[in-house]
Amino acid sequence: MTFDMFEQDGVNAGQAECYEQDVHVLRGFALPYVQDLMQGINKQVKTTSPLRKMTTPGGYSMSVATTSCGQRGWITSDTGYQYADRDPITNLPWPEMPKAFMSLAQSAANKAGFLNFVPDSCLINVYQAGSKMSLHQDKDEADFSAPIVSVSLGISATFLLGGFERQDKSSHIALHHGDVMVWGRADRLRFHGILPVKAALHSITQDCRINLTFRKTQ
Ligand code: MD6
Ligand code: FE
């Protein structure tokens, strides 16, 4: 397959958009951190806890490859989804959260009005053409008063922002390289997902979209 051009970065950088009461999209907010984020993923995280496609409790292989860093990592098991202190593949603690990850997450949370956010987990999702994330709620965390900070890198994707019931209508939000989404409070338990990612190339991530989600899990 050939591509006419690389995707453009920094579309609307600096803009803060508010969807619903407590869903904020900070356009391009992560751009100054990109080099540190990529280095953290490639040299600190993946080398200790490799990317893997986990199997859902229903027995399906996820189309997204995942790993984690920080005190706890998100995993699937026969019985459901949970956070674990150790990586089940290596049986070792998850790699430490690189400092740049923590500072990005905290400054994005502050900018969106969520003060004192201290995430203990960063989930890394890697999408290739066709990968998707079905509608879900993030409810494996013990404390819903903390926000979730979500960083998009690489090729663009369409985020589905739904309501509080699975069948509620979703709105579409385009997420580009460097965009950061911060949400919580009244909107913390909204259903959401990612449409199948379209094939594209990005100068930093090549044929992938990378998503980092920061959470306080306990
Ligand atoms: C993704 N994100 O953007 C998937 N969850 O690839 C999520 O599932 C997500 O972006 C909770 C809060 C923000 C998110
Ligand atoms: Fe989610």
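In each ligand, atom 1 is the first atom listed, and ligand 1 is the first ligand listed. Keep in mind that what you see is a predicted model, and the values were worked out from it rather than measured.
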- line: In terms of heavy-atom contacts, P88 and R52 come closest through CD-NH1, 4.5 Å
field: Point-to-point distance, once rounded to the nearest 0.5 Å, from OG1 of T56 to NE2 of H136
entry: 13.5 Å
- prompt: What N/O/S atom of D138 gets nearest to the Fe ion (ligand 2)?
  reply: OD1
- request: Give the atom name of whichever N/O/S atom in H192 sits closest to the Fe ion (ligand 2).
  value: NE2
- prompt: Is there a donor-acceptor contact under 3.5 Å from the side chain of Q106 to the main chain of F117?
  reply: yes
query: Are F29 and F114 grouped together when hydrophobic residues (ILVMFWY) are joined by side-chain heavy atoms under 4.5 angstrom apart?
result: yes
- prompt: Can you check whether F159 and H192 have ring centres sitting under 6.0 Å from each other?
  reply: yes
query: Which parts of the protein, at residue level, reach under 4.0 Å of ligand 1 through a heavy atom?
result: Y127, H136, D138, I148, S150, F159, W183, H192, I194, R209, N211, T213, R215
message: Both conditions, 6.0 Å and 45 degrees, for the charged tip of R209 above the ring of Y127: are they met here?
response: yes
task: Check for a donor-acceptor pair, side chain of S49 on one end and backbone N or O of V45 on the other, with a separation under 3.5 Å.
output: no
